[in-house]
Amino acid sequence: MKKIILSMAVVAASVLSLKAHGDESHLHIKKDLSTVEWVGKKVTGQHNGTIEIKEGTVKVEDNKIVGGEVIIDMTSIVVSDLEGEMKGKLEGHLNSADFFDTKNHGEAILKIISTKQKKGNTYIVKADLTIKGITKPIEFPATIDIKDGKVAAYAEVKVDRTLYDIKYGSGKFFEGLGDKMIDDFFTVKFKVAAK
């Protein structure tokens, strides 16, 4: 349940504004037009919330995203499905060393390596995702539209938290957890549009 990521996952490309440089353009992510949501599951249910993009750029060549970097503010983790004390408790736990250790690792970074068109506006994005200072390659489908100087992107990214030393409540590492077991994967959904 409690996992976000960042995050990532954040995946990646966001709403941006075009700045032409010869045959390539550098896009700057518009935070006010971008949203990143997370969903974490456990045996007894799930939790969801949001996390903010700190900053980022995307590189476009020949009307295609060929690189970029999205920086996620891990300290901005918010739980949306709880209120009061329970909300504060879970947010505190997600910020702790059991999960994202945001005191020592305040940022997660998604570095876009390449995109490959699958069909229409559906692409496969290859990237490096860094969480808690650990970098792993990740691949995910995304819907990307680039038209009239505007870019919009949407993706749902599944992240295996255990690859980033987030093992709390994982059945892969601990026995006898019963209904306290937390899924090793969390989902990050991002919608970004640019102007």
Side-chain angles (χ1 to χ4, degrees), residues 1-15 28-58 68-112 125 127-138 140 153 155-174 177 180-192:
M1 136 217 129
K2 323 153 162 201
K3 327 124 196 187
I4 348 181
I5 135 141
L6 17 117
S7 304
M8 207 215 107
V10 50
V11 243
S14 340
V15 172
H28 293 267
I29 293 171
K30 301 295 181 184
K31 296 190 294 182
D32 57 333
L33 299 174
S34 304
T35 61
V36 181
E37 301 176 348
W38 60 266
V39 178
K41 297 182 178 180
K42 56 182 180 176
V43 174
T44 56
Q46 67 178 44
H47 291 289
N48 64 275
T50 61
I51 192 164
E52 295 178 7
I53 293 174
K54 186 174 183 179
E55 61 181 315
T57 58
V58 177
E69 185 173 84
V70 181
I71 300 174
I72 304 294
D73 179 4
M74 296 305 295
T75 67
S76 70
I77 293 170
V78 171
V79 175
S80 301
D81 65 312
L82 295 175
E83 294 180 356
E85 185 181 349
M86 293 303 292
K87 172 184 169 73
K89 236 185 207 182
L90 180 50
E91 288 175 351
H93 199 190
L94 291 171
N95 279 285
S96 77
D98 280 345
F99 285 93
F100 296 102
D101 192 12
T102 61
K103 183 179 178 182
N104 295 305
H105 303 283
E107 297 177 349
I109 300 171
L110 181 74
K111 185 175 182 181
I112 303 166
V125 178
D128 286 335
L129 177 61
T130 302
I131 300 175
K132 291 180 75 171
I134 300 168
T135 302
K136 298 288 181 182
I138 192 166
F140 55 90
E156 286 193 19
V157 185
K158 284 196 171 184
V159 180
D160 183 348
R161 65 188 176 95
T162 65
L163 296 177
Y164 302 93
D165 195 31
I166 305 172
K167 300 172 183 175
Y168 182 88
S170 170
K172 195 189 294 183
F173 295 94
F174 303 98
L177 291 171
K180 296 190 183 300
M181 187 169 68
I182 300 168
D183 198 325
D184 289 340
F185 287 85
F186 64 92
T187 302
V188 177
K189 303 176 183 180
F190 71 83
K191 294 179 184 177
V192 283

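The basis for the numbers below is simple: all heavy atoms, side chains too, and nothing from hydrogens, waters or symmetry mates. In this text, all values refer to a predicted model and were calculated from it rather than measured experimentally.
The six-membered or imidazole ring of F99 lies near that of H93, with a centre-to-centre distance under 6.0 Å.
No more than 12 heavy atoms of other residues, nucleotides or ligands lie within 6.0 Å of NZ in K54, so this atom counts as exposed by the packing criterion. Counting heavy-atom neighbours within 6.0 Å of K158 NZ, excluding the residue itself, gives a total of 12 or less.
In plain terms, the two heavy atoms of Q46 and D81 that are nearest each other are O-OD2, 3.5 Å. Taking all atoms of both residues into account, the shortest heavy-atom contact from I112 to A127 is CA-CB, 4.0 Å. Here the closest heavy-atom approach between residue G40 and residue F186 is recorded as CA-CB, 4.3 Å. For R161 against D183, the heavy-atom pair with the smallest separation is NE-O, 2.9 Å. Annotation for S80 and G49: closest pair OG-CA, 3.3 Å, computed over non-hydrogen atoms. Closest approach of I131 and A108 over heavy atoms only: CG1-CB, 4.2 Å.
Partner W38 forms a side chain to side chain contact (heavy atoms under 4.5 Å, CB included) with one of V159, L94, V78 and no other, that one being L94.
Distance check: F185 CZ to T162 OG1 gives 7.0 Å after rounding to the nearest 0.5 Å. Annotation: the span from L129 atom CG to L110 atom CG amounts to 6.0 Å, rounded to 0.5 Å. Distance check: N48 CG to T187 OG1 gives 11.0 Å after rounding to the nearest 0.5 Å.
Within the 4.5 Å cutoff, the side chain of V70 has heavy atoms near those of the I29 side chain.
Note on K103 versus D101: no salt bridge recorded, every NZ/NE/NH1/NH2 to OD/OE distance being 4.0 Å or above.
Using modelled atom types, one side-chain atom of E91 and one backbone atom of V79 make a donor-acceptor pair closer than 3.5 Å.
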